[in-house]
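Structure, as structure tokens:
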2 protein chains.
Amino acid sequence: MQVPLYQAKAEFFRMLGHPVRIRVLELLQNGPVPVRDLLNEIDIEPSNLSQQLAVLRRSGIVVSIRDGNTVSYALAGGDVAELLRAARRILTELLVGQTELLAELRQADVG
Amino acid sequence: MQVPLYQAKAEFFRMLGHPVRIRVLELLQNGPVPVRDLLNEIDIEPSNLSQQLAVLRRSGIVVSIRDGNTVSYALAGGDVAELLRAARRILTELLVGQTELLAELRQADVG
DNA sequence: CCTGCGATTGAAGACTTCTTCAATTCCCGA
DNA sequence: TCGGGAATTGAAGAAGTCTTCAATCGCAGG
């Protein structure tokens, strides 16, 4: 392997590290979606969406399918859902942790 | 929720998007590890490691524990292992996809 | 108290990534 | 073949992240 695995992983996570890209992946989870519909959901300029779609395409996690005048995107394979679920689980813990911390800080204010 | 969830997720993934941070999380999976040992494994300047550890700490995914003169880091909670496994599964698919693509390109060269 | 080691911090410049713009491609229908 | 809508591209400035440096903190031992 030319590229060390931990670097490939880091690149992979960086690819996920953008709100629009996350939303797109979530929207694609029930099958292909036309760019037009993504634009409807996401409230962003078309060219910006295209840029983000290009990032996803380059990584290989999605593919684009042209049908006449409309282009649709679809997940390339695998269990993206599972990844996002795992992320949500951890994220939930982290946010709970922060809430508790916040509560303690408030206590400290009062006490 | 003040911060939309998809933005929190994006920040979370961005936090993971660095080779050193990934390695640290992997090294912490069997329990706390002193900074000294991390430095031994990772080949990076101490101050750089500290910066990356600070990123992890700020996100809440790890905590630091001081014992006399040595500081150790530990996972704050949850199933980071599962997340990394899910990531590896997808990553493997993606890399296989790229390898196949490469093979096709070579075919095209010959044919 | 002072020295030294382990680790952290803040700041600055190099480097990446984001957003936006104008220009372009692709395809359909007239 | 021309017009027009859908989507993409390339480029440029703004914004963010990385690496490194010197300075600092905290603690143990002399």
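Please read all numbers here as calculations on a predicted model, not as lab measurements. Naming convention: chains lettered A, B, ... in sequence-line order (proteins, then strands); numbering from 1 in each chain.
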- Report the distance from atom CG of A:Leu39 to atom C1' of C:dT19, rounded to the nearest whole Å. 15 Å

- Does A:Glu82 reach the main-chain N or O of B:Ala86 with its side chain, forming a donor-acceptor pair under 3.5 Å? no

- Atom CG of A:Leu49 and atom C1' of C:dC18 are separated, to the nearest Å, by 14 Å

- Query: When the distance from CG of B:Asp43 to P of D:dT20 is rounded to whole Å, what number comes out?
  - Reply: 11 Å

- Message: Could you tell me how far apart A:Arg66 (CZ) and D:dA7 (P) are, to the nearest whole angstrom?
- Response: 8 Å

- Note on the structure: Closest non-hydrogen contact found for B:Leu27 with B:Val33 is O-CG2, 3.5 Å

- To the nearest angstrom, the CG-P distance between A:Asn48 and C:dA22 comes to 15 Å

- Query: Does the base of D:dG5 carry an N or O that pairs as donor and acceptor with the side chain of A:Asn69 under 3.5 Å?
  - Reply: yes

- Query: Quick one: on DNA chain C, does B:Asp37 or A:Asp67 contact a more 5' nucleotide (nearest heavy atom)?
  - Reply: B:Asp37

- Task: Could you tell me whether a side-chain N or O of A:Arg21 sits under 3.5 Å from a main-chain N or O of A:Met15, the two making a donor and an acceptor?
- Result: yes

- Taken to the nearest whole Å, CG/A:Asn40 to C1'/D:dA7 is 15 Å

- Message: Does D:dT17 have OP1 or OP2 under 4.0 Å away from a side-chain N or O of B:Arg21?
- Response: no

- Message: Does C:dT19 have OP1 or OP2 under 4.0 Å away from a side-chain N or O of A:Gln52?
- Response: yes

- Among D:dA22, C:dC18, D:dT19, the one nearest any side-chain atom of B:Ser47 is D:dA22

- Query: Within the structure, does a side-chain N or O atom of B:Tyr73 lie under 4.0 Å from either OP1 or OP2 of C:dT8?
  - Reply: yes

- Query: Does atom CG of A:Asn40 have more than 12 heavy-atom neighbours, drawn from other residues, nucleotides or ligands, at distances under 6.0 Å?
  - Reply: yes

- Message: With hydrogens left out and only the distance checked, is there a donor-acceptor pair under 3.5 Å joining B:Gln51's side chain and the base of C:dT8?
- Response: no

- Only residue of A:Gln51, A:Gln52, A:Glu45 satisfying side chain to side chain donor-acceptor pair (under 3.5 Å) with A:Asn48 is A:Gln52

- Task: Quickly work out the B:Leu16 CG to D:dT17 C1' distance and round it to whole Å.
- Result: 15 Å

- C:dT16 phosphate, OP1 or OP2, under 4.0 Å from B:Arg14 side-chain N/O: no

- Note on the structure: Whole-Å distance, B:Ile44 CD1 to C:dG6 P, equals 17 Å

- Note on the structure: Of the candidates C:dC18, D:dC21, D:dA7, the side chain of A:His18 sits closest to C:dC18

- Identify which nucleotide among D:dT8, C:dT9, C:dC27 has an atom closest to any side-chain atom of A:Val35, counting heavy atoms from C-beta outward. D:dT8

- Message: For a quick test of reading the model: is some side-chain N or O of B:Arg58 closer than 4.0 Å to OP1 or OP2 of C:dT8?
- Response: no

